[in-house]
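Note that this is a predicted model, so its numbers are computed, not measured. Residue numbers begin at 1 in each chain, while the letters A, B, ... track the order of the sequences.
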Amino acid sequence: MDVLMSRSAGRTEIAYDVDEGREVVLTLMDLSPSDLDVAVRINLARGSRAVVRIASVCTGKSSKVFDVNVRHEGADSYSRADMAGINQGSGELRFLGTSYIANGARGSDTRQDGRVTNLSPDSKSEVSPVLLINDNDVKASHGAALGAYDPEAIYYMMSRGLTEDESKRLITIGSLMPVVDSFADRSLAEEAKRLLGGIGL
Amino acid sequence: MEKLIVSNLSAEADGKKILNDLNLTLSKGDCMALLGPNGHGKSTLFNVLMGSPEYTVTSGSVTMDGEDLLALTADQRSRKGMFMAFQNPPDIPGIVASDFFRASVNVRRGEPVSAYDFYKLTEEAYRKVGLNSDMASRHLNEGFSGGEKKRDEVLQMLLLEPDLVFLDEIDSGLDVDALSQIASIINEMRAKGTTFVMISHYDRLYNIVPPNRTAVMVDGSIVLEGDASLAKRVSAEGYSFLHSEYGINLAKKRPIADPKAPDILSLGVD
């Protein structure tokens, strides 16, 4: 499922029960200029799979929370949750993720990744992955990164002739593009690119 | 570039002085071997000349054809025709190499390069440096081996056609075949008038890219200049003759190595 949120506000809940051997792929891009609380709930049966990709640009004083909760109920289930964000203003951007592996979900495999680039000293961001594991023989890992631009990367790009602003713009787009590119619906991908251009990215 | 003049240049990082009243003049077509013991400021000199924000120039001047170079940002210096091949190019995830190359080619042209011309340009450059052009679709430097990073730096040098090039240990991590490929690219560009300054600890580079000048850096200054024979002598004998013949003290007056490295004394190590 592809979701492009450009004018959303308030709470949104997306829930799936994934049957044995089935797969859900959720790609969600958020460019809304407002407060947002998005909850994703996924229950995985034996041998089922979930791939969740989220990208969000937080502007102004917005407060946004993305909470991805994946429950591995069945054995040999698989999940990936990848969240990328840009916090441009003085708002708050929070990526929360919980992977729960139930007793009996042996052989399951889960990974969560979250990263936020803060563009302003007033940006407040949080990346907080949680793994709850109740069985043996599982793979579970997470990665979290939070920060401003890497000054070495900016200097490298500038040394090849790109201005500081252009270098930052490329790095910013670079962190969101993998999500845009994974939209199955190409017209939605084009719309996302157009909207990104509209907010100066 | 006809002339680059560095006068009485001092620079520091994190409050530690690294360049110390340094003087150097480069003329168009020079190929200089820049030598000196580890930690005496060679890479810092390159980075200060290229405009790294990590360093603060505390005194002195640098002019390129009469223009104040220190007033320019790194990107402006690049567009003036300067290029530095990084000793350790950073990984930049998320940025596709070909997008970055195209942007850096376009900033120095009035009109953006056409898709076809850019394709021809990059295919040719990839072939010359001995890399597969499939790498253009990968993220910048991400997952590249040491040798691939060095070839990728040379690739960008080919695409950007600079007048003045600083090569910071371009030969490290390259096998013999790769080194000779890179050397022939440097020699081709020299024949067209490009100016080079090369830092290397191995004379195998200087044997196939023969310098016309050698400069030795100690304690943040250029302490000795000579022709190619000086580079050969250092390679054969090391730096001890600087003291015995020229009275140059090789000990640093102050610690000027990597300012980010921990202070050994503060760690309680004798």
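For chain A, no part of B:L159 is nearby; none of its heavy atoms comes within less than 4.5 Å. For B:P89, the parts sitting under 4.5 Å from any heavy atom of chain A are the backbone and the side chain alike. Contact annotation for B:F86: both backbone and side-chain heavy atoms come within less than 4.5 Å of a heavy atom of chain A.
Counted within 6.0 Å of CZ on A:R11, heavy atoms from surrounding residues, nucleotides or ligands total more than 12; the atom is thus considered enclosed. More than 12 heavy-atom neighbours from other residues, nucleotides or ligands sit within 6.0 angstrom of CZ on A:R186. Around the CZ atom of A:R46, the shell of radius 6.0 Å holds no more than 12 heavy atoms that belong to other residues, nucleotides or ligands.
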Show your reasoning for whether side chain to side chain contact (heavy atoms under 4.5 Å, CB included) applies to A:M177 and B:V96.
CA-CA 10 Å; A:M177 269 312 162; B:V96 176; over 6 Å; no
Which donor-acceptor pairs sit under 3.5 Å apart between chain A and chain B?
unit_1	atom_1	unit_2	atom_2	d
A:Y155	OH	B:N47	OD1	2.7
A:Y156	OH	B:N141	ND2	3.4
A:Y156	OH	B:E153	OE2	2.4
A:Y156	OH	B:Q156	NE2	3.0
A:M158	O	B:D75	N	3.3
A:S159	O	B:S78	OG	3.3
A:R160	O	B:R108	NH2	2.6
A:R160	NH1	B:E153	OE2	3.3
A:R160	NH1	B:Q156	OE1	2.8
A:R160	NH2	B:M84	O	2.7
A:R160	NH2	B:E153	OE1	2.8
A:G161	N	B:S78	OG	3.1
A:G161	O	B:R79	NH1	2.8

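Applying the ring pair (Phe, Tyr, Trp, His ring centres under 6.0 Å) rule to A:F66 yields the partners A:F95; only residues at least two apart in sequence or on another chain are considered.
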